[in-house]
Amino acid sequence: MMKDSDLSSLIRLNIGGKKFCTTIDTLTRREPDSMLAAMFSGRHTLCQDSEKGFVFVDRDGKHFRHILNWLRDGDVPTLTDSGYSELIREAEYYQLLGLIEGISLVLNKRKEDEESCAELTRTDIIKCIQSERVKFRGVNLSGLDLSKLDLSLVDFSFACLKNVFFSRANLFCAKFRDVDAEGSIFHNATLRECEFTGANLRGALLAGANLQSANLQDACLIGCSFCGADLRSAHLQTADLTDANLEGANLEGANLKGAKLSNANLKGANLQRAYLRHVNLRDTQLEGARLDGANLLGAIR
């Protein structure tokens with residue numbers, strides 16, 4: 001017979017109309033710092049159906065079964081690249097950093113198994129960075145795993161860095177001028193004072209990255225994820241942030257003069273003392289954003 005304590009730990013979820021049943025232990029144990037763990041910590045009031053007891057979350061429920069399986073067993077599902085992109089977006093919303101990293105590892109392994117046109121290997125890179133003033137200007141490094149390496153001060157200008165895995169790498173003061181880094185992963189990387197002038201970072205993952213004082217002027221940042229990233233004093237003049245996810249990002253003192261923010265998500269972002277003069281914010285999501293001291297003269301809202 002099931003005890004009352006077991007019954008009380010059961011949770012019924014309605015995720016965008018799809019129904020799920022799980023336990024508080026599943027939602028809180030594997031990723032204790034996630035939004036789901038916080039929701040069911042007992043500290044927050046939940047939107048619950050009084051008749052059937054379902055807790056409603058206004059998200060697409062298509063991939064939530066994969067999220068539950070990750071929380072139960074730590075398993076990353078086998079999906080298409082587009083499926084992984086959708087799952088990463090949901091994982092970002094629920095702040096499941098372990099799942100994001102797990103997906104990144106799977107994607108990187110998939111790229112390694114495919115034919116690679118990269119001109120150098122990870123081993124070649126490690127040998128090169130042992131010398132001073134390393135330059136990979138104009139080199140094709142597509143699909144390489146450069147995670148957790150010390151690549152500070154390295155010059156990647158004009159290189160092809162599509163789908164490169166830079167997660168947790170130290171890229172302090174590295175140069176990425178005019179690179180093509182579409183779809184690359186910089187999750188939790190150190191990118192302080194980096195130069196990304198004119199870079200193509202479309203669809204790149206920079207969640208949790210440290211981009212303090214980085215120069216991203218004129219960069220293509222369409223669809224990028226900066227969820228929880230540190231962008232204090234970053235230079236984002238005339239950068240294209242259309243459809244970018246900057247939820248919870250710290251943009252204190254950042255310069256966004258002339259930046260495109262159409263449909264950008266800045267919910268809960270810190271924009272204190274940011275320069276937003278004459279920026280069009282009409283289609284930007286700013287719920288919960290902090291704008292104290294921001295320069296909003298002429299901004300369209």
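All values below were derived from every heavy atom in this structure, side-chain atoms included, with hydrogens, water molecules and symmetry-related copies excluded. Computed from a predicted structure; not experimentally measured.
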Could you please spell out the steps behind the salt bridge (Lys or Arg N to Asp or Glu O under 4.0 Å) verdict for R232 and D230?
-> CA-CA 6 Å; R232 284 176 289 172; D230 188 347; 2.7 Å; yes
Decide yes or no for [X] and [Y]: does some side-chain heavy atom of the first lie under 4.5 Å from some side-chain heavy atom of the second?
X    : Y    : answer
I67  : H63  : no
E31  : L71  : yes
F20  : N14  : no
T197 : D178 : no
L191 : L206 : yes

Which atom of V279 lies closest to which atom of K257, heavy atoms considered |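 Here V279 and K257 meet closest at CG2-CA, 4.5 Å.
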Proximity of Y94 and F64 rings by center, below 6.0 Å =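 Centroid distance Y94-F64: below 6.0 Å, so yes.
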Could you verify whether a donor N or O on one side chain and an acceptor N or O on the other, from [X] and [Y], lie under 3.5 Å apart?
X    : Y    : answer
N210 : T190 : no
N69  : D75  : no
T26  : T23  : yes
N270 : N250 : yes
E92  : S225 : yes

Could you grab the distance from atom CG of D33 to atom OG1 of T28, nearest 0.5 Å is fine?
->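 So the CG of D33 and the OG1 of T28 are separated by 11.5 Å.
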What distance separates L149 CG from I125 CD1, expressed to the nearest 0.5 Å?
->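 Nearest 0.5 Å value for the CG-CD1 distance: 8.5 Å.
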Are [Y] and [X] co-members of a hydrophobic cluster defined by side-chain heavy atoms under 4.5 Å apart?
X    : Y    : answer
Y275 : L216 : no
L246 : L286 : yes
L241 : L296 : yes
L87  : V57  : yes
I222 : I88  : no

Out of R137, K135, R177, which residue meets the side-chain hydrogen bond (donor to acceptor under 3.5 Å, both in side chains) rule with D155?
->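 Checked R137, K135, R177 against D155; only one passes side-chain hydrogen bond (donor to acceptor under 3.5 Å, both in side chains): R137.
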Geometric cation-pi criterion, R59 with Y93: 6.0 Å, 45° |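 Output yes; distance and angle both within limits.
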Within 45° of the six-membered ring axis of F156 and under 6.0 Å from that ring's centre, is NZ or CZ of K175 located there?
->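 So K175 doesn't make the cation-pi contact.
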Aromatic rings F166 and F186: how do their planes relate, parallel, tilted or perpendicular, breaks at 30° and 60°?
->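 Parallel.
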Salt-bridge test for K62 and E90: reply yes if a basic N is under 4.0 Å from a carboxylate O, no otherwise.
->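 E90 and K62: not salt-bridged.
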Derivation of the side-chain contact (heavy atoms from CB on, under 4.5 Å) call for L171 and L153 = CA-CA 7 Å; L171 291 153; L153 304 174; over 6 Å; no
